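As the structure is a prediction and not an experimental result, all values here were calculated from the model.
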Amino acid sequence: MSKIQDAIKERILVLDGAMGTMLQRNNFSEEDFRGERFKDFPHPLKGNNDLLSITQPEAVKQVHRLYFQAGADIVETNTFSGTTIGMADYHLEDLVYELNYQSAKIAREVADEFTDRPRFVAGSIGPTNRTASMSPDVNDPGFRAVTFDDLRIAYKQQVEALIDGGCDVLLVETIFDTLNAKAALFAIEEVKEERNLDIPVMVSGTITDASGRTLSGQTVEAFLISIQHIDLLSVGFNCALGADQLKPYLKRLAHNTTLNISAHPNAGLPNAFGQYDQTPEEMQALIKEYLQDNLVNIIGGCCGTTPEHIKAIADVAKDFQPRSLELT
């Protein structure tokens, strides 16, 4: 049994907050994204946050450090778009292994700076920018921009690099299309079998709006059924909604699973300018309701959350016991 599997029985684990929100504070220019190594690269690179693990590693390290200092038990690697599919937008497909390896290595180094209790690194595996379940062309509903096998191959490369870089757990997150996630989970199982290793896996879906469904149309219960054949450390939801809007779906999850449950909601809903206004104190009050209702085992933040939000969450989480794994 891994250390994280021991720790999750003892206390509610705190996940970090948003990486993008923190990196944007630096106002990095195109030149900053490029660094010396990519100064002559023929395509624009600004906006490729994953690349900053290579060109601005100290900035990424500092984000991890601030979240650990705020009380996080787990930080996510800076690899949300780290597949050949995601990197194709920047013509950096050949860099995928290095990007993931370096991102995991950076997070591992910072985690090892903290010796007060075990700190963990979660390899962030995003959904890609394509969907395997639906056609992007309304005039051709049978068309697919990506196949299951395309996704499996891309995810496998990412998973191998994240493991090599020192991750404790893999987090398949922000799932809007469960078929994409199933390709990621299939790839993880392949790597585990080939390497004869067992690494815990977290799965986190996204309820996209008030319909209570994922983008590919699944309810909470259907999403759970689709992925629970895999041996998972946790299942949960993140992104798209604030803590208040997410709560009903976590309740439905708790009624239907004996797995650990994770949640990392946004800092409320975005305003007209796409910014998140919810204060750490406001978010803390909403998260406290999760804890009082015994809904979660892992809690953190997504878009708009900062170390201040995570500190407020960690401060209240320590006063509660982890969710019981019996059905509620």
Side-chain angles (χ1 to χ4, degrees), residues 1-9 13 15 50 53 73-87 96-109 111-112 118-128 132 146-175 177-205 223-236 238 257-262 264 297-298 325:
M1 186 173 289
S2 70
K3 285 185 179 179
I4 196 168
Q5 288 166 318
D6 289 333
I8 203 168
K9 293 176 182 175
L13 298 183
L15 190 67
D50 293 26
S53 293
D73 298 288
I74 309 166
V75 297
E76 300 171 55
T77 54
N78 181 36
T79 54
F80 187 78
S81 302
T83 58
T84 49
I85 293 167
M87 283 298 128
V96 163
Y97 182 90
E98 184 183 354
L99 277 174
N100 284 277
Y101 179 83
Q102 289 299 333
S103 294
K105 185 168 172 281
I106 283 170
R108 174 84 272 144
E109 287 170 2
D112 292 343
R119 307 290 182 123
F120 305 104
V121 174
S124 173
I125 300 171
T128 81
V146 70
T147 68
F148 184 91
D149 219 37
D150 292 336
L151 290 162
R152 178 189 64 81
I153 292 165
Y155 280 129
K156 188 173 181 183
Q157 183 182 20
Q158 183 177 30
V159 166
E160 288 173 335
L162 289 170
I163 291 172
D164 290 345
C167 289
D168 301 289
V169 58
L170 298 173
L171 170 57
V172 182
E173 65 165 317
T174 322
I175 298 161
D177 184 341
T178 310
L179 191 55
N180 288 34
K182 287 167 82 75
L185 294 169
F186 191 94
I188 291 168
E189 291 303 304
E190 272 193 320
V191 174
K192 285 166 66 173
E193 188 172 329
E194 288 170 7
R195 297 188 174 202
N196 192 26
L197 61 79
D198 190 20
I199 184 167
V201 179
M202 299 168 61
V203 164
S204 185
F223 170 70
L224 177 64
I225 289 167
S226 296
I227 51 92
Q228 67 181 5
H229 61 289
I230 300 287
D231 182 19
L232 298 174
L233 175 70
S234 67
V235 62
N238 74 290
T257 187
T258 55
L259 290 169
N260 295 299
I261 290 179
S262 72
H264 48 298
N297 306 85
I298 302 172
L325 298 189

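With contacts defined as side-chain heavy-atom distances shorter than 4.5 Å, the pair E76/L15 qualifies. Using a 4.5 Å cut-off on side-chain heavy atoms (C-beta onward), L151 and F186 make no contact. A heavy-atom distance below 4.5 Å is not found between the side chains of I188 and Y155. Side chains of V235 and Q228 form no contact here, defined as non-hydrogen atoms less than 4.5 Å apart. By the 4.5 Å heavy-atom criterion applied to side chains, V159 and I199 are not counted as neighbours. Between I227 and L185, the closest side-chain pair of non-hydrogen atoms falls below 4.5 Å. Between I74 and I4, the closest side-chain pair of non-hydrogen atoms falls below 4.5 Å.
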Test I163 against K192 for side chain to side chain contact (heavy atoms under 4.5 Å, CB included), laying out the working first. CA-CA 10 Å; I163 291 172; K192 285 166 66 173; 5.7 Å; no
Audit row: N260, L233, side chain to side chain contact (heavy atoms under 4.5 Å, CB included) steps and yes/no: CA-CA 6 Å; N260 295 299; L233 175 70; 4.2 Å; yes
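Under a 3.5 Å cut-off, the side chain of N78 and the backbone N or O of S103 do not form any donor-acceptor pair. No side-chain donor-acceptor contact under 3.5 Å links N297 to the backbone of I8. D73 places no side-chain N or O within donor-acceptor distance of the main-chain N or O of F120, the cut-off being under 3.5 Å.
Judged as a salt bridge (Lys or Arg N to Asp or Glu O under 4.0 Å), and not counting sequence neighbours, the contacts of E194 are K156. Residues satisfying the side-chain hydrogen bond (donor to acceptor under 3.5 Å, both in side chains) test with T77, not counting sequence neighbours, are T79. Partners of S204 under the side-chain hydrogen bond (donor to acceptor under 3.5 Å, both in side chains) rule, at least two apart in sequence or in another chain, are N238.
Environment of CG in D112: crowded, with over 12 heavy atoms of neighbouring residues, nucleotides or ligands closer than 6.0 Å.
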